[in-house]
Number of protein chains: 4
Amino acid sequence: MRDGSATREKINQAALELFARKGVAETTTRDIAGGAGIAEGTIYRHYKSKDELVRSLFLSLYSEQGELLAVQIRDESGIKEQIAVMIQLFCRLFDENRPLFTFLLLTQHGQLERVPDGIVTPVGVIREAITCAQAAGQIRKGDPDLLAAMVLGVVVQPAVFSVYGRLKQPYQDFSAELVQAAWGVLGLS
Amino acid sequence: MRDGSATREKINQAALELFARKGVAETTTRDIAGGAGIAEGTIYRHYKSKDELVRSLFLSLYSEQGELLAVQIRDESGIKEQIAVMIQLFCRLFDENRPLFTFLLLTQHGQLERVPDGIVTPVGVIREAITCAQAAGQIRKGDPDLLAAMVLGVVVQPAVFSVYGRLKQPYQDFSAELVQAAWGVLGLS
Amino acid sequence: MRDGSATREKINQAALELFARKGVAETTTRDIAGGAGIAEGTIYRHYKSKDELVRSLFLSLYSEQGELLAVQIRDESGIKEQIAVMIQLFCRLFDENRPLFTFLLLTQHGQLERVPDGIVTPVGVIREAITCAQAAGQIRKGDPDLLAAMVLGVVVQPAVFSVYGRLKQPYQDFSAELVQAAWGVLGLS
Amino acid sequence: MRDGSATREKINQAALELFARKGVAETTTRDIAGGAGIAEGTIYRHYKSKDELVRSLFLSLYSEQGELLAVQIRDESGIKEQIAVMIQLFCRLFDENRPLFTFLLLTQHGQLERVPDGIVTPVGVIREAITCAQAAGQIRKGDPDLLAAMVLGVVVQPAVFSVYGRLKQPYQDFSAELVQAAWGVLGLS
DNA sequence: GATGAATGAGCCTTCATTCAT
DNA sequence: CATGAATGAAGGCTCATTCAT
């Protein structure tokens with residue numbers, strides 16, 4: 001990979017780690033260059049601006065998560081199993097890569113507004129599953145956007161608290177409870 | 001203006017509104033001064049730094065919300081009613097003062113870490129109610145921090161989507177659904 | 001002294017002490033007001049500006065020292081005794097009021113340029129004594145300004161080192177040595 | 001400009017000249033940038049702060065003078081010649097580069113306190129020469145720090161007056177007189 | 001005369017971005 | 001493609017000074 005894509009990857013890694021640890025505004029391009037072991041100017045061979053780096057990083061990681069979820073539930077037909085499977089996956093990924101989720105969680109503000117259409121997002125996947133389940137009569141009617149948001153909230157808010165040290169165990173420990181609660185939100189069992 | 005408390009209030013108002021609209025990092029002290037109709041230096045007679053202004057604003061508003069919730073549930077004895085009452089209050093306040101909640105929601109990251117002990121917070125109030133209900137056998141056992149986080153998530157995540165335009169109705173329209181879902185999280189009916 | 005001259009004196013005292021300790025540029029009007037136990041605005045009832053305060057303080061103290069020297073040598077006729085007497089006085093005053101001399105020493109730059117004519121200064125007094133002594137044939141000819149500067153240097157430079165901690169004894173301990181050296185400068189014994 | 005040492009030198013030159021002419025506190029970073037023909041931010045690629053620029057400039061020039069003196073007297077064995085040679089060198093350098101000495105003279109206050117150990121300073125060199133001479137029995141006993149300070153004073157105080165226009169001739173004109181006086185301080189001839 | 005909240009010019013410093021090498 | 005010195009706009013903050021009370 002002498003074409004520079006290795007460099008790009010180093011930038012992404014360093015940026016992700018720094019953004020998660022210090023926040024986007026508090027991370028300078030010099031920090032990123034230092035973390036990636038490259039010159040400051042080199043960042044601009046790969047991204048037009050710091051802002052584009054942030055957006056690009058967010059979008060690719062955000063949709064990547066969406067796709068992982070989508071793949072995971074493809075073969076499940078019941079909403080209960082789909083919810084369970086998604087939450088279990090989220091818990092595992094979260095424990096395995098905290099910086100990634102920390103970045104996603106604290107960058108969503110200011111990025112969510114500009115998510116382009118046609119991208120697979122975590123909420124989108126949840127929403128889709130809910131809509132199907134409603135069509136199949138598995139769960140009650142109701143605004144699918146709202147239902148998806150609430151299910152997401154059940155999983156994400158404890159994650160935020162975990163990031164900020166209010167919940168100290170591995171996130172997978174909460175897996176069963178989270179599934180139970182998400183079902184409760186949808187009125188299942 | 002014998003005492004400067006009116007000026008301080010103008011600063012708070014302008015800062016809140018700007019922080020909510022543009023974000024903290026994107027709001028300059030010049031913006032704030034302009035919005036408040038005062039000189040830039042005047043901010044520093046009331047706050048030692050921009051950072052202190054942000055922290056002070058966050059903490060006072062955050063704990064103020066906590067106290068409103070605490071007062072609201074004081075006379076309710078059942079957890080079901082307490083949850084319902086809290087959510088209804090939140091919905092109303094949210095609709096009445098979006099900038100306030102927008103500020104709180106997007107500033108929590110970077111502020112939550114440094115909330116001092118001994119302050120009444122929204123989560124704290126929910127947690128407290130849950131603990132009591134568990135003691136009274138009204139709901140199942142389980143980590144009260146986790147339960148509180150999940151309940152909070154049910155209410156807050158849709159609010160975030162509302163702020164970013166993904167849910168367009170007045171938040172109070174969702175009130176009943178939110179209550180239902182929160183109950184579901186706790187395994188109530 | 002209910003006419004405010006007591007206040008003025010408090011300002012002078014506080015300013016002198018602070019200027020000596022931190023330097024003029026590093027001392028704020030707020031510092032001075034704080035040190036004097038008055039309001040910031042009150043300074044401006046007594047001085048038109050901070051700069052005028054500095055100048056006024058310097059000039060009055062500087063010329064006061066000159067006058068003390070002048071009085072001291074009035075009754076001495078020989079240059080040797082005059083030198084001795086002046087140096088002994090300086091040593092005593094220096095030990096008794098370090099802040100004053102510290103202020104004078106580190107403020108001379110930037111103030112010496114604007115000492116008005118017709119003021120009795122320490123150098124002036126020394127210069128006068130030297131001129132008289134030359135007229136009386138007590139010491140060799142030579143530019144009296146230069147001779148005065150050199151004599152002053154002998155006494156002042158060790159004082160500077162004393163202020164900065166390089167000479168640690170009471171300044172009066174050096175009295176005899178200083179006199180000896182000053183005589184040496186003038187070619188006396 | 002592959003390396004920035006030329007730029008650093010431009011900064012040093014401009015700063016020195018401005019500090020000497022207007023004083024450190026009265027010289028802004030904008031002034032320096034303007035004088036050096038560079039952007040304001042460029043200063044901060046070479047110095048961490050204005051204060052560090054001042055300190056660095058002072059220390060390098062101060063010790064440079066010390067080293068010039070040290071080199072000059074290396075081959076002289078008698079204290080009389082050493083004193084003479086040092087003073088002649090000082091006079092010549094002073095006439096050749098007034099800004100440098102003006103800067104040194106008016107910045108010593110506030111910098112002398114933080115001269116690190118192990119640096120060759122003008123006073124150090126004089127003190128050393130005096131100590132040797134005492135050991136060799138060439139001059140009388142006495143605190144070498146005090147003697148060095150007095151000798152320095154003889155040379156420096158007239159220089160200060162020269163800077164402030166009280167002595168108007170080239171400083172080299174005073175060379176012989178200064179040597180004579182310095183000898184007198186040490187009790188020589 | 002004294003107060004102290006308010007002012008606003010201007011300072012030091014940061015940092016995303018450019019460009020010659 | 002990579003470098004890193006240089007840029008310069010803009011930000012947070014200080015502080016001498018004013019003025020209504």
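Side-chain atoms are counted along with the backbone in the values below, which use heavy atoms only and exclude waters and symmetry mates. Every value quoted in this text rests on a predicted model; they were computed, and no experiment measured them.
The side chain of Arg45(B) lies closest to dA6(E) when the candidates are dT14(F), dT7(F), dA6(E). Looking at the side chain of Tyr44(B), the nearest of the listed nucleotides dT13(E), dC13(F), dG8(F) is dC13(F). Distances from the side chain of Thr28(C) to the nucleotides dA5(F), dT7(E), dA16(F) place dA16(F) closest. If you check dT13(E), dT17(E), dA6(F) against the side chain of His46(D), the one that comes closest is dA6(F).
Spacing between atom CD of Glu52(D) and atom P of dC12(E) amounts to 15 Å, rounded to whole angstrom units. If you measure from atom CZ of Arg8(D) to atom P of dG4(F), you get 18 Å, rounded to the nearest angstrom. Across the protein-nucleic acid pair, Asp51(A) atom CG and dT17(E) atom P stand 8 Å apart, rounded to whole Å. Atom pair Asp31(B):CG and dA10(F):P shows a separation of 12 Å (rounding to whole Å applied). When rounded to the nearest whole Å, the span between CD1 of Ile43(C) and C1' of dC19(F) equals 16 Å. Distance Arg30(C) CZ to dT3(E) C1': 14 Å, rounded to the nearest Å. In this structure, Ile11(D) places its CD1 atom 9 Å from P of dT7(F), rounding to the nearest Å. Between the NZ atom of Lys50(B) and the P atom of dT14(F) there is a distance of 15 Å, given to the nearest Å.
The phosphate of dA5(E) (OP1 or OP2) has no side-chain N or O of Thr7(B) nearer than 4.0 angstrom. Residue Thr29(C) has a polar side-chain atom (N or O) positioned under 4.0 Å from OP1 or OP2 of dA16(F).
Applying the Watson-Crick and G-U wobble criteria (two distances, each under 3.5 Å), dA10(F) pairs with dT13(E). Of all nucleotides present, only dA2(E) satisfies the Watson-Crick or G-U wobble test against dT21(F), with each distance under 3.5 Å.
Shortest non-hydrogen contact noted between His109(A) and Leu105(B) is NE2-O, 3.6 Å. In plain terms, the two heavy atoms of Phe58(D) and Gln108(D) that are nearest each other are CE1-CA, 3.8 Å. Here the closest non-hydrogen pair linking Leu16(A) and Leu100(A) is CD1-CA, 4.0 Å. Taking every heavy atom of both residues into account, Leu112(A) and Arg166(B) meet most closely at CD2-NH2, 3.9 Å.
Nearer to the 5' terminus of DNA chain E, by closest-nucleotide assignment, is the contact made by Ile38(B) (compared with the other of Thr42(D) and Ile38(B)). For the pair Gly37(D) and Glu26(C), nearest-nucleotide mapping onto DNA chain F gives the more 5' position to Gly37(D).
At a cut-off of 3.5 angstrom, the base of dC15(F) holds no donor-acceptor pair with the side chain of Glu40(C).
Of the possible donor and acceptor atoms, one in the side chain of Lys50(D) sits under 3.5 Å from a partner among the backbone N and O of Val24(D).
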